[in-house]
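Shown next, in structure tokens, is the structure this report addresses.
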Number of protein chains: 2
Amino acid sequence: MKVRILVSLKPSVLDPQGQVVKNALHTLGYQTVKDVRQGKIFEIELENTDRQVVEKLVPEMADKVLANPIIENFTWEIIEG
Amino acid sequence: MKVRILVSLKPSVLDPQGQVVKNALHTLGYQTVKDVRQGKIFEIELENTDRQVVEKLVPEMADKVLANPIIENFTWEIIEG
């Protein structure tokens, strides 16, 4: 089974990387860009294919390793199998 | 209008960051993890709400700034508006 976890900064947290990207886009003439927020994706392949187990495991892994729950939120979905 | 662009390494490109995350998960006992690939998300808010314009702009911005087309692929979707 394959899952995708999206990790993004909470809305109240400043995102300097996103600001840099926004400035780069403005410099290139993309004035229509109002805001950019950058985050991370993890695509994880699991041997386990029991949906119930996966639904317990993935949020646990996200909380412990993939995201920093103080400043980041995550969402996840099964993308294969 | 808000769009989300997912940038990930091409399958043939090594992903050392993903390997480190995989090893961390194994160390914590998540032996069910077979593979981890890490990528980036950009959530971009646009002033422009003309779908046709946005469909031209977003891939252009991704090619020029957000992704390195030699080693990365991107997909994108409209998530708001």
Side-chain angles (χ1 to χ4, degrees), chain A residues 1-11 15 17-50 53-67 72-77 79-81, chain B residues 1-11 15 17-50 53-67 72-77 79-81:
Chain A
M1 188 178 283
K2 209 166 171 182
V3 298
R4 176 186 285 153
I5 298 129
L6 301 183
V7 179
S8 51
L9 287 168
K10 290 184 180 173
D15 178 3
Q17 266 188 306
Q19 284 300 308
V20 170
V21 173
K22 180 180 143 188
N23 294 343
L25 289 168
H26 278 187
T27 306
L28 287 172
Y30 300 107
Q31 302 298 336
T32 183
V33 172
K34 271 207 295 201
D35 195 31
V36 178
R37 304 282 291 175
Q38 191 172 340
K40 291 176 283 182
I41 339 169
F42 297 93
E43 287 189 0
I44 300 188
E45 223 182 301
L46 299 165
E47 264 169 48
N48 207 311
T49 54
D50 181 338
V53 175
V54 169
E55 277 178 1
K56 195 181 148 281
L57 275 187
V58 173
E60 221 181 87
M61 294 193 299
D63 261 338
K64 283 193 195 162
V65 180
L66 310 177
E72 292 171 326
N73 288 325
F74 70 89
T75 59
W76 70 280
E77 60 186 334
I79 54 173
E80 226 181 86
Chain B
M1 187 179 282
K2 209 167 172 181
V3 298
R4 175 186 286 152
I5 297 129
L6 301 183
V7 179
S8 51
L9 287 168
K10 290 185 181 173
D15 179 3
Q17 265 188 306
Q19 284 301 308
V20 168
V21 173
K22 182 181 142 186
N23 293 342
L25 290 168
H26 279 188
T27 305
L28 287 172
Y30 299 107
Q31 303 297 336
T32 184
V33 173
K34 271 206 295 198
D35 194 31
V36 179
R37 304 281 292 175
Q38 192 173 341
K40 292 176 284 182
I41 340 171
F42 297 92
E43 287 189 0
I44 300 188
E45 224 181 302
L46 300 165
E47 265 172 46
N48 205 310
T49 53
D50 180 338
V53 176
V54 169
E55 278 178 2
K56 196 184 146 282
L57 276 187
V58 174
E60 221 180 86
M61 294 193 299
D63 261 337
K64 282 193 195 161
V65 180
L66 310 177
E72 292 171 327
N73 289 325
F74 70 88
T75 58
W76 70 279
E77 60 187 335
I79 54 174
E80 226 180 271

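Just so you know, these numbers use all the heavy atoms, side chains as well, and skip hydrogens, waters and symmetry mates. Nothing here was measured: the structure is a model prediction, and the numbers come from that model.
Residue A:Y30 touches chain B through its side chain alone, counting heavy-atom pairs closer than 4.5 Å. Heavy atoms of A:I5 lying under 4.5 Å from chain B are absent altogether. When heavy atoms are compared at a cutoff of 4.5 Å, B:K64 approaches chain A solely by way of its side chain, counted from C-beta outward. There is no contact between A:Q17 and chain B, counting heavy-atom distances below 4.5 Å. In this structure, chain A has a heavy atom under 4.5 Å from the side chain of B:V65, while its backbone stays farther away.
Legend: side-chain hydrogen bond (donor to acceptor under 3.5 Å, both in side chains) pairs involving residues 35-50 of chain A, not counting sequence neighbours, sorted by first then second residue: A:R4-A:E43. Sorted by first then second residue, the salt bridge (Lys or Arg N to Asp or Glu O under 4.0 Å) pairs that include residues 17-32 of chain A, not counting sequence neighbours, number zero.
Contact count against chain A (heavy-atom pairs under 4.5 Å) is highest for B:L6 among B:V54, B:L6, B:V21, B:D15.
Contact between A:E72 and A:L66 at its shortest, heavy atoms only, is OE1-O, 4.3 Å.
Between A:I44 atom CD1 and A:L57 atom CG the span is 10.0 Å, to the nearest 0.5 Å. Here the CD atom belonging to A:E77 is positioned 12.0 Å from the NZ atom belonging to A:K2, to the nearest 0.5 angstrom.
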